[in-house]
Participant: 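Right, I'll just put the structure down here and ask away after.
Both ligands and their constituent atoms are indexed starting at 1 by order of listing. Remember, predicted model here, so these are calculated numbers, not experimental data. The residues of the chain are indexed from 1 along the displayed sequence.
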Amino acid sequence: MSRRRPAPPDLHALSDPARRRWVQGGLGGAVASLLAPLGAVAAPAASRIGFKAVPPSTADRVLVPEGYVAEVIYAWGDPVGVPGAMPAWQPDASHSAAEQALQAGMHHDGMAYFPLDAQRGLLAVNHEYTDERLLHADGTADWSAEKVRKSQAAHGVSIVELARGRDGGWRVVRPSRHARRITASTPMRLAGPAAGHPLMRTALDPTGTQVLGSFNNCASGRTPWGTYLTCEENFAQYFRGPERPDAHQRRWGLDGGGQGAGWALHDERFDAGRHPNEFNRFGWVVEIDPFDATSTPVKRTALGRAAHEGAWTVQAADGRAVVYMGEDGAFEHLYKFVTRDAIKRGGAAANRELLDHGTLHVARFGAEGRGEWVELAAGRPGLEAFANQGELLVKTRQAADAAGGTPMDRPEWVAGDPSTGHVYCALTNNAARGRPGAPGADAANPRAPNAMGHILRWREDGGFAGTRFAWEHFVLAGDPANERAESRGNVRGDAFGSPDGLMVDARGLLWIQTDVSGSKIGQGDYARLGHNQMLCADPASGEVRRFLTGPAGCEITGAVMAPDARTLFVNVQHPGEATPSTWPGEPGTRPRSATVAIRRRDGGPVGS
Ligand code: FEO
Ligand code: CA
Ligand code: CA
């Protein structure tokens, strides 16, 4: 069972020189000075990581430590479990668009677990994007209306009911009254200050309050009141751009081409030349009540618009909700939303409008390990260009630029540890930092280029709702065997790069998942790191230990621990994308993204 955790040093109780050593700010790009060990002030602690590390691997399978078992429970094409409508997976991908809308989507990403009782729960799973080569029986042959519908149906979210058997293994319950697919066509409501704004009105929806679907759902979050937050990331690529994009469209990457060109061929709302405002209706955080399969998902515009990686909620001491959000784009920003009101007892029903009122901020990381959250409110100094909050929110990137938010190295997942007050953020990498015309190294993003990524952590002054914070580099990712000094990092333990998924478990261990792009796996600075992986870090000692390696070409994502810590759910995304894979099937079969349940054979807590 869980043991009491060794306390990390209190940043505010340290003397100034000690704080500087711990916080490691004011770096000015001098990588050597970053290598002072994280635990310089902390007393060395015994490792609390209990498993034997797995080595880097290039095997086309999921490898976990001795004594653990990893079981595939929900793969692309599996029926979600809607009563009376459970089309079986077709290995030749011959299933129709209508069938796909009742099956697991592709490319599983962020997810969350909602307990029903000790042995059953709901798993909400994002399906980030699609691989059209695998999705259709005829692969990437010409688009048809049916293929567009199938692609849209393979995006979105699954809600599946899970049950644990006597042996500790998990299965999807079919049928289940909770089973649901949300796709790029599901009716949704827009709420908050941008709902109804002229920039949100379209020919199909003159009110600017109703929208069809969500897509490129990357990471996610689970609120304390029991709802799921799914986040729209790289939405721009789905739209065909106008011939001459305006400054707003360009700032949001609307340049046409890509997959968007395919959808727009048969669904004109994705033609931004004809329907420019449809584009503004994506890039939001969407709240879903997983316990009510008839509920309408709601896009919460007060949280801002971004290529949202995810949305992670913690509770401030006064009961308000604090939502951290990274925007995964080179030189994009890190955001924080603080609700106006406290969380009420009574679950989703009692907190229906909680996320519609509050204050959005962008992070500004200063030198000397200090930072501040700058409020993004129309009319504030520097933000006078935005006529009202609705316009500011549609143009959140422009507002963050104007407010002096720090351009970051692609902020991905955020994980808070309520027991210490630390908040961690993965900055996956940024090859463009330091290029001509681009920002160079700064205190928070100290490597130019940043090939390997890093993890920042901070602690708010006065608790999660605070507007100033003390930050430090938790780790600079890398491989000490690398030739290039700036790609060696300072990992104490097993080497890794391109951190993406993060999760703090109940014992305060930080789980890290990697997303090295297919073109870099096994190449250059990543030559010795094998396939994408999952690691466990002990913040008390700084030790990092490799827990899992994935099949060929995949990313590892979606870290969720069951409430009793005896199962770890993980998603394997896009096996075979750049490197051939047949996981999890037999030779000759299509690779499939899937959710994997990992547990100890002796039933003990994962990781201990
Ligand atoms: Fe969808 Fe930033 O990963
Ligand atoms: Ca990600
Ligand atoms: Ca990523």
Participant: Determine, step by step, whether W458 and Y324 satisfy the ring pair (Phe, Tyr, Trp, His ring centres under 6.0 Å) criterion, reporting the C-alpha distance in whole Å, the side-chain angles of both residues, the deciding distance to 0.1 Å, and the verdict.
Facilitator: CA-CA 12 Å; W458 63 92; Y324 292 101; 5.8 Å; yes
Participant: State plainly whether the residues R305 and E232 are in salt-bridge range, i.e. N to O under 4.0 Å.
Facilitator: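 Here R305 does not pair with E232 in a salt bridge, since their nearest N and O are not under 4.0 Å apart.
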Participant: Taking H531 for the side chain and D60 for the main chain, is one N or O donor matched with an acceptor at less than 3.5 Å?
Facilitator: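 No, H531 side chain to D60 backbone: no donor-acceptor pair under 3.5 Å.
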Participant: Do the rings of F239 and F215 sit parallel, tilted or perpendicular, given the 30° and 60° boundaries?
Facilitator: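 Tilted.
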Participant: Looking only at the side chains, is there a donor atom on one of Q100 and W76 sitting less than 3.5 Å from an acceptor on the other?
Facilitator: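 Side-chain D/A pair, Q100 to W76: present.
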Participant: If you draw a sphere of radius 2.8 Å around atom 2 (Fe) of ligand 1, how many protein N/O/S atoms end up strictly inside it?
Facilitator: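 That number is 4, waters not included.
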Participant: With a cut-off of 3.0 Å, how many protein N, O or S atoms neighbour the Ca ion (ligand 3)?
Facilitator: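 Protein N, O or S neighbours of the Ca ion (ligand 3) under 3.0 Å, waters not counted, come to 3.
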Participant: So, Y68 versus F547, ring centres under 6.0 angstrom or not?
Facilitator: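 When the ring centroids of Y68 and F547 are compared, they turn out to be within the sub-6.0 Å range.
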Participant: Please say which of K520, E412, M452, R447 ends up in a side chain to side chain contact (heavy atoms under 4.5 Å, CB included) with N429.
Facilitator: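 Exactly one candidate clears the test, K520.
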Participant: Cation-pi between R281 and Y238: NZ/CZ under 6.0 Å from ring centre and within 45° of the ring axis?
Facilitator: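 No, R281 does not sit over the ring of Y238.
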Participant: Taking the six-membered ring for Trp, are F569 and W170 parallel (under 30°), tilted (30 to 60°) or perpendicular (over 60°)?
Facilitator: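 If you compare the ring of F569 with that of W170, the planes turn out perpendicular.
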